[in-house]
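One structure is given here, and the rest of the page talks about it.
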Amino acid sequence: MASLLSGATKTAHSLAPSLLSSAEVKVGSTVPIKVPVKEEDTEKPFTFEGIRGKNVFVGVPGAFTGTCSAQVPGYIKAYDQFKAKGVSNIYIVGVNDVFVMKAWKQQLAPEGTPIHFIADDQGAFIGALGMLFDASPLLGAPRSKRFVAVTEGDTITYLAVEPNPGEVTVTAADKVLPWL
């Protein structure tokens, strides 16, 4: 019986990204402004309805993982350069709970940062972007592909998706800045 349940669980995890995801967004698509996410409080979800200006969404597979923890400090260090290029906000989005995202932000920026660490605890926002993948073998569940989407309001004007979510090439902060 345990073997049967284990097999069913593995099948469910591998099917989840395709069931939860829309088609992958592209330049010209809009971000899912009505899908709730969380930042500071588990009891106070919010949406991106009314988002204005130029914004950068950085999708990461997992808080506290080595690759993600190496990528995000580039955005923290380059924050002023992003602002100088007209960026209103930078959002680091992970399919993690709000407690994990807050703890990770504190570890990466103990002095604070204006960058928003967004918890998409159900994967609904990332799924609506079509950016979920099955990370079950390493991270235990579907997670976000590693991507960067630059938006003007809610419309995507630039999109980079890593072919291998375990690497940072096209989604590094210094690779995104020239596109702004």
Side-chain angles (χ1 to χ4, degrees), residues 25 31-129 131-133 135 138-151 154 156 158-162 165-177 179-180:
V25 293
V31 294
I33 59 170
K34 294 186 179 196
V35 176
V37 293
K38 299 169 186 165
E39 183 174 13
E40 293 293 327
D41 189 335
T42 61
E43 301 297 320
K44 294 184 182 173
F46 69 94
T47 67
F48 290 104
E49 286 185 275
I51 192 169
R52 290 179 175 48
K54 189 181 296 187
N55 296 280
V56 177
F57 290 84
V58 182
V60 294
F64 292 103
T65 62
T67 307
C68 297
S69 293
Q71 176 190 20
V72 173
Y75 286 89
I76 294 169
K77 289 177 186 147
Y79 179 78
D80 290 335
Q81 294 173 56
F82 279 92
K83 290 299 276 186
K85 293 206 173 228
V87 171
S88 299
N89 291 292
I90 299 174
Y91 301 99
I92 308 297
V93 186
V95 181
N96 289 106
D97 64 62
V98 71
F99 303 106
V100 169
M101 294 301 284
K102 284 172 61 174
W104 191 39
K105 179 178 184 176
Q106 178 61 36
Q107 181 190 46
L108 295 178
E111 304 300 318
T113 179
I115 292 176
H116 302 274
F117 282 61
I118 304 300
D120 182 17
D121 56 6
Q122 301 296 311
F125 182 80
I126 295 298
L129 290 169
M131 293 292 177
L132 277 180
F133 80 103
L138 183 61
L139 300 173
R143 297 295 181 105
S144 175
K145 293 179 183 177
R146 187 176 309 282
F147 72 90
V148 173
V150 177
T151 67
D154 65 356
I156 297 171
Y158 171 79
L159 180 67
V161 182
E162 293 290 353
E167 296 177 358
V168 177
T169 57
V170 296
T171 60
D174 64 332
K175 302 292 189 227
V176 175
L177 276 165
W179 288 97
L180 301 176

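Predicted, not measured: the structure shown is a model, and the values here were computed from it.
Here Lys54 contributes atom NZ and Thr151 contributes atom OG1; the two are 10.0 Å apart, rounded to the nearest 0.5 Å. In this structure, Lys83 NZ and Leu180 CG are separated by 12.5 Å, a value rounded to the nearest 0.5 Å. Going from atom CG of Asp97 over to atom OG1 of Thr42 covers 9.0 Å, rounded to the nearest 0.5 Å. The distance from the CG atom of Leu108 to the CZ atom of Phe64 is 7.5 Å, given to the nearest 0.5 Å. Taken from CD1 in Ile92 to CZ in Phe117, the straight-line distance is 5.5 Å, to the nearest 0.5 Å. To the nearest 0.5 Å, atoms CD (Gln106) and CD (Glu111) are separated by 8.5 Å.
Taking both residues in full, the closest heavy atoms of Val100 and Ala63 are given as CG1-CB, 3.6 Å, listed atom of the first, atom of the second, then distance. Minimum interatomic distance between Pro32 and Leu129 (heavy atoms only, all atoms of both residues): CD-CD2, 3.4 Å. Pairing each heavy atom of Arg52 with each of Gly50, the nearest pair is NH1-O, 2.6 Å. Here the shortest heavy-atom pairing between Ala128 and Val35 reads CB-CG2, 4.3 Å. Nearest heavy-atom pair across Ser144 and Val60 is CB-O, 3.4 Å. Of all non-hydrogen atoms in Val93 and Phe57, the two that sit nearest each other are CG2-CD2, 4.2 Å.
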- Message: Let's go through Ile33 and Thr47 carefully: what are the C-alpha distance in whole Å and the side-chain angles of both, what is the deciding distance for side-chain contact (heavy atoms from CB on, under 4.5 Å) to 0.1 Å, and is it a yes or a no?
- Response: CA-CA 6 Å; Ile33 59 170; Thr47 67; 5.9 Å; no
- Task: Before giving the answer on side-chain contact (heavy atoms from CB on, under 4.5 Å), spell out for Phe48 and Val37 the whole-Å C-alpha distance, their side-chain angles and the decisive distance to 0.1 Å.
- Result: CA-CA 9 Å; Phe48 290 104; Val37 293; 3.8 Å; yes
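Tyr158 is linked by a ring pair (Phe, Tyr, Trp, His ring centres under 6.0 Å) to Trp179, counting only residues two or more places apart in sequence or in another chain. Applying the side-chain hydrogen bond (donor to acceptor under 3.5 Å, both in side chains) criterion to Lys102, with sequence neighbours excluded, gives no partner residue. Applying the side-chain contact (heavy atoms from CB on, under 4.5 Å) rule to Asp174 yields the partners Ala172; only residues at least two apart in sequence or on another chain are considered. Qualifying side-chain hydrogen bond (donor to acceptor under 3.5 Å, both in side chains) partners for Thr169, counting only residues two or more places apart in sequence or in other chains: Glu162. Residues satisfying the side-chain contact (heavy atoms from CB on, under 4.5 Å) test with Asn89, not counting sequence neighbours, are Asn55, Tyr91, His116.
Thr67 places a side-chain N or O within 3.5 Å of a backbone atom of Gly166 that can act as its donor or acceptor partner. Of the possible donor and acceptor atoms, none in the side chain of Lys145 sits under 3.5 Å from a partner among the backbone N and O of Ile126. Judged purely by atom type and a 3.5 angstrom limit, Lys38 has no side-chain atom pairing as donor or acceptor with the backbone of Phe46.
For the pair Leu159/Val25, a side-chain contact is recorded, criterion being any heavy-atom separation below 4.5 Å from C-beta on. Looking at heavy atoms from C-beta onward, Asp121 lies out of side-chain contact with Val98 at the 4.5 angstrom threshold.
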Name each donor-acceptor pair under 3.5 Å that joins a side chain in residues 68-82 to protein atoms two or more places apart or in another chain, with its distance.
from, atom 1, to, atom 2, distance (Å)
Ser69, OG, Thr65, O, 3.0
Ser69, OG, Trp104, NE1, 3.0
Gln71, OE1, Arg146, NH1, 2.7
Gln71, NE2, Thr171, O, 3.2
Gln71, NE2, Thr171, OG1, 3.1
Tyr75, OH, Thr171, O, 2.6

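For Phe99, the CZ atom sits in a loose shell: 12 or fewer heavy atoms of surrounding residues, nucleotides or ligands are nearer than 6.0 Å. The number of heavy atoms from other shown groups lying within 6.0 Å of CD (Glu49) is above 12. Within a 6.0 Å sphere centred on NZ of Lys175, other residues, nucleotides and ligands contribute 12 heavy atoms or fewer.
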